[in-house]
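All values derive from a computational prediction rather than experimental measurement. Every chain is numbered from 1, with letters handed out A, B, ... down the list of sequences.
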Protein chains: 2
Amino acid sequence: MLDAAPITNVMRTLADPTRRAVFERIVRTDEITVVELTRGSGVTQGAISQHLKSLKRAGLVAERPEGRNVYYRARPEGLEPLFDWMNHYGVFWRERFANLRNLLKEIDP
Amino acid sequence: MLDAAPITNVMRTLADPTRRAVFERIVRTDEITVVELTRGSGVTQGAISQHLKSLKRAGLVAERPEGRNVYYRARPEGLEPLFDWMNHYGVFWRERFANLRNLLKEIDP
DNA sequence: AGGATACATTAGTGAATGCTAATTCATTAG
DNA sequence: CTAATGAATTAGCATTCACTAATGTATCCT
C-alpha cells in the first residue's frame, strides 16, 4: 500500500483553484516573485503568501530570496506522489483489462 | 488553458483520505456493495454513502443497483482530467506519463 | 535617516467539509 | 404480513479553509 500522507498533501494543496493557478503560473515562468504572482490573481498579497506557504509545505515549490524579493520556482519532484498514485492504480486497470481481454478471447475466438 | 472545473472536482474529491480509500477499494475489487465498503472503513454507512455520492458526482464511480444492494465500480475515464492536467504541467515526467496515459486510453472503450 | 517597496504573519470571519445519529425508503426473508 | 437488511438522506455539530485587513520585518533608494 502507498503511503497516504504525501498524496493527501499534494492533492489537498492542488485542489484549490486559486492555489493551483499560482502553481501553474510558477511552472510556466521559470522564476517569479510574489508581487508578480499577486498581479492578476484576484486575491490579496497576503493570500498569495499563504498559498505559497502551502505549496512549499507540500514540496511543490522552492524559494530563492534575493534582496527584498523572493523568487519562487516549481519543484517537479513534488508531483511524484501524485504520479506514483496514478501509476499504481493505472496498473490495476491494466491487469483487469488484460484479464478482460483474455476472457473475451476465450469466449469469442 | 485547461478547463479548471473538472480538475478541481476530481482533485477535491480524491484529496480526502477516507474518500480516496473508498475509491481505491472500489478500484481493487471489481464490484463492491456499500456494506462491504463500510466494513473496516472506520466510518458510518451514512458517511460512506456521502462519499460515494461525491465520487459519483466527480465521475469516478458508477453504480449498478441489484435488488436491495447497490454495486459500485470504478470509472477509469473519471481520472482523465487528472491525467490531462499532469500531462500539461508535469512536463518532467512526460515520457513515463505519456505511456501510462496511452495505456488508459486503450482500456477506455 | 526616512520613506517606500517586497514579503510574511496574524486575528478574525463566513463558508465549506466530514462526520454521527436518526430517519426514510425499498427489498428480501421467515 | 412482519421483521430485518441495504442504502440514501437529513439535521446538527465541530473543524478546517480561503480570504481580508492590518501589522510586522526586512531591504532598497534618495
Exercise for the section: Please examine the side chains of A/L14 and A/L79, heavy atoms only from C-beta on, and report whether any two atoms are closer than 4.5 Å. Expected result: yes
Practice task
Look at the side chain of A/E63 and decide which nucleotide, out of C/dA8, C/dC19, D/dT9, has an atom nearest to it.
Solution key: C/dA8
Exercise for the section: Give the rounded distance in Å between these two atoms: CZ of A/R19 and P of C/dA16. Expected result: 16 Å
Practice task
Check whether any side-chain heavy atom of B/T33 lies under 4.5 Å from a side-chain heavy atom of B/E66, and answer yes or no.
Solution key: no
Practice task
For the residue pair B/L37 and B/L52, establish whether any side-chain heavy-atom pair is separated by less than 4.5 Å.
Solution key: yes
Problem - Crowding at CZ, A/R64 (>12 non-hydrogen neighbours, <6.0 Å) - result: yes
Fill in the blank from the handout: The nucleotide from C/dC7, D/dT9, D/dT27 with an atom nearest the side chain of A/R68 is D/dT27
Exercise for the section: Taking only the side-chain nitrogens and oxygens of A/T18, find out if one of them lies under 4.0 Å from OP1 or OP2 of D/dC19. Expected result: yes
Exercise for the section: Looking at every strand, decide which applies to A/Y72 at a 4.0 Å heavy-atom threshold: base, sugar-phosphate, or nothing. Expected result: sugar-phosphate
Practice task
Measure from CD on A/E31 to P on C/dC7 and round the result to the nearest Å.
Solution key: 12 Å
Just the table, please: protein N/O against nucleotides 1-3 of chain D N/O, every pair under 3.5 Å.
none

Practice task
Please determine, for the side chain of B/D16, which listed nucleotide (C/dT9, C/dG18, C/dA6) has the closest atom?
Solution key: C/dG18
Practice task
Provide, to the nearest angstrom, the distance between the NZ atom belonging to B/K53 and the P atom belonging to C/dC19.
Solution key: 15 Å
For nucleotides 20-22 of chain C, tabulate all protein N/O to nucleotide N/O atom pairs closer than 3.5 Å, reporting atom names and distance.
from, atom 1, to, atom 2, distance (Å)
C/dT20, OP2, B/T44, N, 2.9
C/dT20, OP2, B/T44, OG1, 2.6
C/dT20, O5', B/T44, OG1, 3.2
C/dT20, O4, B/Q50, NE2, 3.2

Problem - Check: A/T13 and A/R19 side chains under 4.5 Å, non-hydrogen atoms - result: yes
Handout entry: Verdict with supporting geometry, A/Q50 and A/S54, side-chain hydrogen bond (donor to acceptor under 3.5 Å, both in side chains)
Key = CA-CA 6 Å; A/Q50 290 168 15; A/S54 297; over 6 Å; no
Handout entry: Toward the 5' end of DNA chain D, by each residue's nearest nucleotide, A/S54 or B/I48
Key = B/I48
Exercise for the section: Select one nucleotide: of D/dA7, C/dA8, C/dG18, the one nearest the side-chain heavy atoms of B/V34. Expected result: D/dA7
Handout entry: B/L55 CG - D/dA8 P separation (whole Å)
Key = 12 Å
Problem - Whole angstrom value for the distance that separates C1' of D/dT20 from NE2 of A/H51 - result: 12 Å
Exercise for the section: Compare all side-chain heavy atoms of A/W85 with those of B/E24 and state whether any distance is below 4.5 angstrom. Expected result: yes
Practice task
Starting at CD1 of B/I26, measure out to NE2 of B/H51 and round the result to the nearest 0.5 Å.
Solution key: 11.5 Å
Problem - Atom pair distance, as rounded to whole Å: CG in B/N9 and P in C/dA16 - result: 14 Å
